[in-house]
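The structure appears below as structure tokens.
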There are 2 protein chains.
Amino acid sequence: MNRTASIKDVATHAGVAVGTVSNVLNYPDRVSERTKERVLRAIDDLGFVRNDAARQLRVGHSRTIGLIVLDVGNPFFTSVVRAAEDAAALQGSAVLLGDSGHDAAREANYIDLFQEQRVQGLLISPVGDVTARLDLLRERGVPTVVVDRLADESKFSSVAVDDDAGGYLAARHLLDTGRRRLAFVGGPTSIRQVADRLQGARRAVKEEPDATLEVLDAEGQTVLAGRSVGDALVQRGRADLPDGIFCANDLLALGVMQSLTMTHTFRIPADVALIGYDDIDFAASAVVPLSSIRQPTELLGRTAIELLSEEVESQSPVHRAVVFTPELVVRQSTATPAAG
Amino acid sequence: MNRTASIKDVATHAGVAVGTVSNVLNYPDRVSERTKERVLRAIDDLGFVRNDAARQLRVGHSRTIGLIVLDVGNPFFTSVVRAAEDAAALQGSAVLLGDSGHDAAREANYIDLFQEQRVQGLLISPVGDVTARLDLLRERGVPTVVVDRLADESKFSSVAVDDDAGGYLAARHLLDTGRRRLAFVGGPTSIRQVADRLQGARRAVKEEPDATLEVLDAEGQTVLAGRSVGDALVQRGRADLPDGIFCANDLLALGVMQSLTMTHTFRIPADVALIGYDDIDFAASAVVPLSSIRQPTELLGRTAIELLSEEVESQSPVHRAVVFTPELVVRQSTATPAAG
DNA sequence: TCGTACCAATGAAACGATTCAAAGGAATCG
DNA sequence: CGATTCCTTTGAATCGTTTCATTGGTACGA
């Protein structure tokens, strides 16, 4: 019984032609004040809601943008998502969000789904090996921007954050506060982000002839993994301890902090300075507020939308790779020993 | 130049009628092996992707479900979202996710958007006062399930978790491990969840004649707020200290823990037992692993989808309110004093 | 008064899929 | 051989918009 009202019903009810109703919706100033009122009242009376499928079928494209992230639970991505949503809303588009959960099959599902929906374009933080699936998108002419990973610039636009620069920033900060025996705590260097951050740190350490950098492997990127590393350090004893520790992410850093502060043998930052990466919420509210490297996630999301718009507007396939530099956030965990 | 291929193009290229192509896509066993092959090859050759707008226009409804949450950054919701996505995928639907960010305007935007998309139904964790906007949905006949909030059962189906039971569970556990001077730390009781958890705790305490419950107000639901409460407790000194603390969420509990363990005057759980709520990831990896109340988020998401399906299938407006009972997770922070 | 502009409103055509009654063809049976 | 059944394929009609050439009406200027 309750079929939703169509534009034709509205037209009948208002005593006008369908084209007029459409004009009220899309070009309000083409229609006279009097009929506009009548139509609007009819819309209200019937509870009419525009059927977007029909609209889309006619005009050929949707007003939505597909966004596929690796993990919605990751604060990095949720922040990017929110920024992208806001930027898209400003230009009248909505974001369809897909969570691939690092699973190539789920990613493929979402790509297909979004193509069937004829999204204007796709923002994607791809799972593992990019090429194959993305090439297909390129062939099909779906404008695509790769997020958080550099893409072959001849094929795609991309936005990413410079992890090497972030690593440099962190290590340089430790050196600047007088630390010389540095340690890098990181998960497997097979993860590109980890490798790049380490490389940046190395670059900074090379600038100081008397500085050293030791690499401590962690089994994963978790608080627990960090605690194991911390426990091992505590075992070593005072003499052999580094005086500045740079962890590849905040979770590791918090784990190391737990371990060092629990034993009460070492003080942060008096004996050891500690800096993490990502600046998650917990960094600021740790027992000793944790210095960290903040990634410009809002900027990332906003820029991704902008690049996509560029792709959509201009037909010619020129792509841009935008790389942002992260930012140092200084807190108590790296205060200078004198001041600490 | 590159208009995407339509079903008609495929039909021509394969030398069959459009209806046949449609059958290959929707009822593969209605068509002979030979023509099926031909059609599939044509689809492949042309890179055909079904235009979902056209499909939807014809069949009258989409294969998507709208889900509006208060905050995608909140682990509680991300877990619900993921479960809902999985459950929806099983029945061949996809979830469109919207993040209202506790903002009624954004919520309204998403409701409109999803209606234009003719979603099969809506799962919503509503902002503030539910009634007005949801009533509209009901009038329009959009099947809706309210998540994480009880709704008037004559109007909507809903899924929620019993916070009173959770509060009871937490307090009862403290009592069971021999604690008698309990404290409840919670944000403003204007938040329904907080009020219910407190009420449940009161119920448990009443069961033990010699037990007392004191309520400590926190300014918000954050680690920092918890730390303030903890600092205040430390000031009090040993004699006046509760021996069991129940915090309305894990962030508060972690703050209290920081405060108590930093001073080294009180030991957890020897002097004070501590339990939180939500069982966030950080609970398990705290300095002293934190006992907590876990909400069955996966179940919540899955059930929400199921209830929605019920609504969609059956025309008659019978609604159900499903309430789940949370689960106690025991860790070191509430070990019995003897054992601790 | 007529011609010209201009503005509002009209309504048929088109978008690309699905549906379904009908037709065509092969096989089976009496 | 004709009738019946079964299976495959056909193609026109349909969904609800937007678009745009066309029409009707009013105002203005000559």
Side-chain angles (χ1 to χ4, degrees), chain A residues 2-40 42-43 46-64 92 112-113 115-120 140, chain B residues 2-40 42-43 46-64 92 112-113 115-120 140:
Chain A
N2 239 338
R3 195 179 53 81
T4 58
S6 77
I7 213 175
K8 200 182 288 183
D9 300 326
V10 174
T12 311
H13 193 270
V16 299
V18 291
T20 304
V21 177
S22 176
N23 281 334
V24 170
L25 294 173
N26 300 297
Y27 309 92
D29 35 347
R30 275 193 202 164
V31 11
S32 75
E33 211 53 46
R34 228 175 66 80
T35 56
K36 198 190 311 189
E37 259 173 40
R38 283 235 304 284
V39 170
L40 288 178
I43 287 180
L46 301 177
F48 166 79
V49 177
R50 187 217 262 99
N51 183 329
D52 195 61
R55 180 200 145 280
Q56 193 183 140
L57 173 59
R58 178 62 231 242
V59 306
H61 60 90
S62 75
R63 291 172 310 174
T64 56
D112 288 348
L113 177 68
Q115 273 199 82
E116 290 195 356
Q117 307 263 357
R118 297 290 190 273
V119 291
Q120 294 178 310
R140 302 241 174 96
Chain B
N2 241 339
R3 196 179 51 83
T4 57
S6 77
I7 212 175
K8 199 180 288 183
D9 300 326
V10 174
T12 312
H13 192 269
V16 300
V18 292
T20 305
V21 178
S22 176
N23 281 335
V24 171
L25 294 172
N26 300 297
Y27 308 93
D29 35 346
R30 272 192 203 165
V31 10
S32 76
E33 210 52 46
R34 228 175 65 80
T35 55
K36 198 190 309 189
E37 259 174 39
R38 282 235 306 283
V39 170
L40 288 177
I43 287 179
L46 301 177
F48 166 79
V49 177
R50 186 217 263 100
N51 183 329
D52 195 61
R55 181 201 143 278
Q56 194 184 136
L57 174 60
R58 180 60 233 247
V59 307
H61 61 90
S62 75
R63 292 173 309 175
T64 56
D112 288 348
L113 178 68
Q115 273 199 84
E116 289 195 356
Q117 307 264 355
R118 296 292 190 271
V119 292
Q120 295 177 311
R140 300 242 174 94

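Reckoned from all heavy atoms, side chains included, excluding hydrogens, waters and symmetry mates. To find a chain, count down the sequence lines: A is the first, B the second, and so on, and within it residues start at 1.
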Quiz item: Nearest of D:dG11, D:dT18, D:dT9 to any side-chain atom of B:Val18?
Solution: D:dG11
Quiz item: Considering only D:dT9, C:dA9, D:dG16, which nucleotide approaches the side chain of B:Thr20 most closely?
Solution: D:dT9
Quiz item: Do the non-hydrogen side-chain atoms of B:Leu25 and B:Ile43 ever get within less than 4.5 Å of each other?
Solution: yes
Quiz prompt | Distance test, side-chain N/O of B:Asn26 to OP1/OP2 of C:dT18, below 4.0 Å | solution = yes
Quiz item: Counting side-chain heavy atoms from CB outward, which of D:dT19, C:dT10, D:dG11 is closest to A:Ala17?
Solution: C:dT10
Exercise. Mind calculating the distance between CD1 (A:Ile7) and C1' (C:dG11) to the nearest angstrom?
Key: 13 Å
Quiz prompt | For atom CG of A:Asn23 and atom P of C:dA8, their distance in whole Å | solution = 10 Å
Quiz item: Are OP1 or OP2 of D:dT9 and a side-chain N or O of B:Thr35 less than 4.0 angstrom apart?
Solution: yes
Quiz item: For the pair made of CZ in A:Arg34 and P in D:dG25, what is the distance, rounded to whole Å?
Solution: 15 Å
Self-check item: Protein-nucleotide distance (A:Glu33, atom CD; C:dA9, atom C1'), rounded to Å
Solution: 16 Å
Quiz item: Pick the nucleotide of DNA chain D nearest each of A:Lys8 and A:Arg30; which residue has the one closer to the 5' end?
Solution: A:Lys8
Practice problem: May I ask you to verify whether the side chain of B:Arg55 and the base of C:dT18 hold a donor-acceptor pair under 3.5 Å? | Solution: no
Quiz item: Is there side-chain contact between A:Ile7 and A:Ser22, with heavy atoms separated by less than 4.5 Å?
Solution: yes
Quiz prompt | Separation of atom NE2 in A:His61 from atom P in D:dT18, rounded to whole Å | solution = 12 Å
Quiz item: When you check the phosphate oxygens OP1 and OP2 of C:dT18, does a side-chain N or O of B:Arg50 lie under 4.0 Å from one of them?
Solution: yes
Exercise. Would you indicate what B:Val16 reaches in the nucleic acid, counting non-hydrogen atoms under 4.0 angstrom: base, sugar-phosphate, or nothing?
Key: sugar-phosphate
Exercise. Would you mind reporting whether B:Arg63 and B:Arg55 have side-chain heavy atoms less than 4.5 Å apart?
Key: yes
Quiz item: Does A:Arg58 make a side-chain donor-acceptor contact with the base of D:dT18, cut-off 3.5 Å?
Solution: yes
Quiz item: Please give, in whole Å, the distance from C:dC15 P to A:Glu116 CD?
Solution: 21 Å
Quiz item: Say you draw a straight line from CZ of A:Arg50 to CG of B:Asp112; how long is it, rounded to the nearest 0.5 Å?
Solution: 11.0 Å
Quiz prompt | Short side-chain N/O contact to C:dG16 OP1/OP2 from B:Ser6, under 4.0 Å | solution = no
Exercise. Grab the CG-P distance between B:Leu57 and C:dC15 for me, whole Å please.
Key: 14 Å
Exercise. Using only heavy-atom distances, determine whether the side chains of A:Arg140 and A:Gln115 contain a donor-acceptor pair under 3.5 Å.
Key: yes
Quiz item: Within this structure, what is the OH-to-P distance between A:Tyr27 and D:dC20, rounded to whole angstrom?
Solution: 8 Å
Practice problem: Just call it for B:Ser32: base, sugar-phosphate, or nothing, with non-hydrogen atoms closer than 4.0 Å on any strand. | Solution: sugar-phosphate
